[in-house]
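Step one of this worksheet: look at the structure below.
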Amino acid sequence: MKNTVTIFLFTMISLLGYGQQDIGKSIDEYLKRTEPLGFSGAIIVSKDGKTILNEGYGYANRDNKKKNTSTSVFSTGSVSKQFTAAAIMKLEMMGKLTTDDKISKYFENVPRDKSEIKIHNLLTHTSGLTGALADDFDRISKEEYLKQALNSKLEFNPGDNFNYSNVGYSLLSMIIEKQSGITYEEFLNKYLFTPSGMTQTGYNIPNWKEANFVQIYKGQKDNGSTKMFTNPTWHLMGNGGLLSTTTDMMKWVRALKTEKILSNKAKEKMFTPYRNDYGYGWDVLDDGALRQHDGGSTLGNGAELRWFVEDDVVIMLFTNATINGNLGFSVVREDLEALAMGDEISLPPKFSIKKANTKPLLGTYQLPSGQQFKIQERSGSTLLLIDNQELLDLISDPKNYSPNSPSVTLNKKFDDAFKLAFEKDDFSNFSFTGASKVLEEEIKNEIKMEGLKDPHYKVVKSILSKNNKNAYITQVALSEDPSFNNESMLLSIVTENSKYAGLGVDFGFVGPLELSLYPIDKDKFQAYSLSNKMGAVLEIKGQNNNYDFIVDGIKVSNIKKIK
């Protein structure tokens, strides 16, 4: 039986969970600590039907230091799709359509290749229609949009496959308008939002307060206010961009728990997982235990609604800023979910940022051993890029740091073993683990299961297990791409007292570990990655391109800045 390995990298560990404080306070403390790390948005969390947190974090407007609140107005992004799906189900309840209807019943001059597309196919992204026709904000008439959609190339025959299609949902909004005789937004407002008690959801019908719109940030770039979504184009209509607040979104989920909006029969149909576990406007995962959808844009805004049905936990999270290039909600999702379930997690460090000029630090450095690393600036953040074991040891495990540390030695042993195995199909160099035959079977089986024809290997890193000081986890990437630019299969091989103890498999991209450097004092930085939950207080002292790096009292001298 294979052991599944979960890797946690911790230097500073602070645990907070259900056993210490209630869930709402735990999540609040976590998000307050993420604000200096770039988190900006608003969240509402419900447990057993009761709201336990409804707060904003970070800035709605950085220029005037206006904070996000529970009344801030965000874009729901593609979370809008479940409103469109609910509207279709409402029309079916009203006898205005059925999901088995073909779109040719509602649109004229449908080309032959699209004549078999059903409303069900539009709802489940199985129509074969393309994902998008143009940019979300390109102006286009309803008639021209429909013409382009019907004349676009079909990706596959309807029902044969899955292709996430914003175009399909825009066509659904047109069907809603045709069968109701009112606009898409008017129908949602009349039949979904108003009965649910929602007054702050829509495009332009709500009586918006100007001050509640938030700015959207991608790194340091201000991409404008969410007010831009109040006048949507047909590239957005029905598939994204509806505006809302955390409070309104919770009202919506609570209405869906009843038959106030949709009958149980309609909801059963909507929450059935079809191809790719997609229902009608919802991802329906874990045998129906999780209903969710997320959304965002290249502007930097993001939204995610996660409804854990069996646990009766609902999390609605809006973000209006990216974190190191990633949509904000995607970086904190797992931690928030764990806290909402009452689990203990590692909290980010608590610190205050000082103003400092970090530009003199940018460049390429070389450790005394010859290993190199970089400090770069990206999207307004100063990043320490760790792509060698020696520097990783200094940051993650300074007390055991050495240019010839156990992890460095372990990497060399695994590198030698994989080299012989891949060049000569000889796994004898794995004998140091005491399980060369077992590892041969495991590795070959994983390669076969993944269908890798001619894989290359790369020993990425070894780290000391957080829970067992006698165990190391060595990560090895396998890929047909010798440059490892594409997603790789990642083997996590556990050795305890140098003997094989288990193997886990994951998939991801191989690249430097990126830690943001936040100035906290003269020559002192809080290095931290919210994504990897790893960091340390790092002192960088030196001049004339000769530096000392100090972590937890451990100093490495004669680090040269070579570029």
Side-chain angles (χ1 to χ4, degrees), residues 4 6-58 67-70 72 74 79 245-247 249-250 253-254 283 285-286 289-296 302-324 326-351 466-467 516 526 528-535:
T4 300
T6 303
I7 301 175
F8 294 98
L9 300 177
F10 299 122
T11 296
M12 302 150 302
I13 299 173
S14 173
L15 295 178
L16 184 64
Y18 181 76
Q20 296 168 314
Q21 299 182 17
D22 66 55
I23 292 172
K25 288 182 179 178
S26 297
I27 297 174
D28 180 59
E29 175 65 18
Y30 170 83
L31 289 174
K32 284 177 179 175
R33 292 194 181 200
T34 65
E35 285 181 293
L37 303 171
F39 179 79
S40 182
I43 187 173
I44 189 167
V45 183
S46 171
K47 172 69 175 172
D48 298 327
K50 297 180 180 179
T51 297
I52 58 176
L53 181 68
N54 188 14
E55 294 289 344
Y57 303 87
K67 300 279 286 186
N68 283 314
T69 70
S70 60
S72 295
F74 296 86
V79 179
T245 64
T246 51
T247 302
M249 290 301 293
M250 190 59 70
V253 175
R254 286 174 177 161
D283 294 307
L285 309 173
D286 299 336
L290 171 59
R291 301 165 181 170
Q292 74 97 38
H293 211 296
D294 60 48
E304 184 170 62
L305 172 59
R306 287 167 76 80
W307 178 1
F308 298 89
V309 181
E310 295 178 0
D311 297 292
D312 198 7
V313 170
V314 180
I315 304 172
M316 181 68 228
L317 179 65
F318 289 116
T319 53
N320 65 315
T322 57
I323 301 176
N324 291 337
N326 300 305
L327 294 178
F329 75 84
S330 68
V331 178
V332 299
R333 171 200 291 131
E334 291 184 6
D335 288 342
L336 292 176
E337 180 181 323
L339 287 171
M341 296 301 174
D343 296 336
E344 291 185 340
I345 69 164
S346 169
L347 283 180
K350 203 170 185 177
F351 63 93
K466 169 184 174 289
N467 300 314
S516 294
Q526 175 64 69
Y528 196 76
S529 167
L530 188 56
S531 300
N532 292 286
K533 305 178 186 66
M534 175 189 175

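Remark: Ser26 OG to Leu31 CG distance equals 11.0 Å, nearest 0.5 Å. Here the OG1 atom belonging to Thr319 is positioned 9.0 Å from the CD atom belonging to Glu304, to the nearest 0.5 angstrom. Within the model, atoms CD1 of Ile27 and CG of Leu339 stand 5.5 Å from one another, a figure rounded to the nearest 0.5 Å. Separation of atoms CD (Gln526) and NZ (Lys350) is listed at 13.5 Å; rounding is to 0.5 Å. Here CG of Asp294 is found 10.5 Å from CG of Leu317. Values are rounded to the nearest 0.5 Å.
Under the 4.0 Å criterion applied to side-chain N and carboxylate O atoms, Asp311 and Lys47 are not assigned as salt-bridge partners. For Arg33 and Glu29, the salt-bridge test passes: some basic side-chain N is under 4.0 Å from an acidic carboxylate O. Taking the charged nitrogens against the carboxylate oxygens, Lys67 and Glu35 do have a contact shorter than 4.0 Å, which makes a salt bridge.
Side-chain N/O atoms of Asn324 and Ser531 include no donor and acceptor closer than 3.5 Å.
Residues Gly41 and Asn320 come closest through the heavy atom pair N-OD1, 3.6 Å. Closest non-hydrogen pair, Ile315 versus Ala340, comes out as CD1-CB, 3.8 Å. Ala321 approaches Ser40 most closely through the heavy-atom pair CB-CB, 3.9 Å. Smallest separation of non-hydrogen atoms from Leu327 and Gly296: CD1-CA, 4.1 Å. Across Ile345 and Ala338, no two heavy atoms sit closer than the pair CG2-CB, 3.5 Å. Across all their heavy atoms, Ser70 and Asn54 have their closest contact at CB-OD1, 3.5 Å.
Put simply, the side chain of Val332 reaches to within 4.5 Å of the side chain of Phe39, judged on heavy atoms. Two residues are said to be in side-chain contact when any heavy atoms from C-beta on lie closer than 4.5 Å; Asp335 and Lys533 meet this criterion. Side-chain contact between His293 and Leu305 is absent, with no heavy atoms from C-beta onward closer than 4.5 Å. Residues Phe318 and Thr245 are not in side-chain contact: their nearest non-hydrogen atoms beyond the backbone lie 4.5 Å or more apart. Taking the side chain as every heavy atom from C-beta outward, Met341 and Phe308 approach each other to under 4.5 Å. You'll find the side chain of Val309 stays beyond 4.5 Å of the side chain of Leu290, heavy atoms only. The shortest side-chain heavy-atom distance between Tyr30 and Pro348 falls under the 4.5 Å cut-off. Tyr57 has its side chain within reach of Asp28: a pair of non-hydrogen atoms, C-beta onward, lies under 4.5 Å apart.
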Show your working on side chain to side chain contact (heavy atoms under 4.5 Å, CB included) between Leu336 and Ile43 and close with a plain yes or no. CA-CA 10 Å; Leu336 292 176; Ile43 187 173; 3.8 Å; yes
Please lay out, stage by stage, how Val314 and Val45 fare under the test side chain to side chain contact (heavy atoms under 4.5 Å, CB included). CA-CA 6 Å; Val314 180; Val45 183; over 6 Å; no
Show the numbers, then the answer: is there a side chain to side chain contact (heavy atoms under 4.5 Å, CB included) between Ile44 and Met249? CA-CA 9 Å; Ile44 189 167; Met249 290 301 293; 5.5 Å; no
Side chain to side chain contact (heavy atoms under 4.5 Å, CB included) between Arg306 and Arg333, intermediate numbers included: CA-CA 10 Å; Arg306 287 167 76 80; Arg333 171 200 291 131; 4.0 Å; yes
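Checking side-chain atoms of Asp22 against main-chain N and O of Gly24 turns up a donor-acceptor pair under 3.5 Å. No side-chain donor-acceptor contact under 3.5 Å links Thr34 to the backbone of Leu37.
Applying the side-chain contact (heavy atoms from CB on, under 4.5 Å) rule to Ser72 yields the partners Asn68, Thr69, Phe74, Val214; only residues at least two apart in sequence or on another chain are considered.
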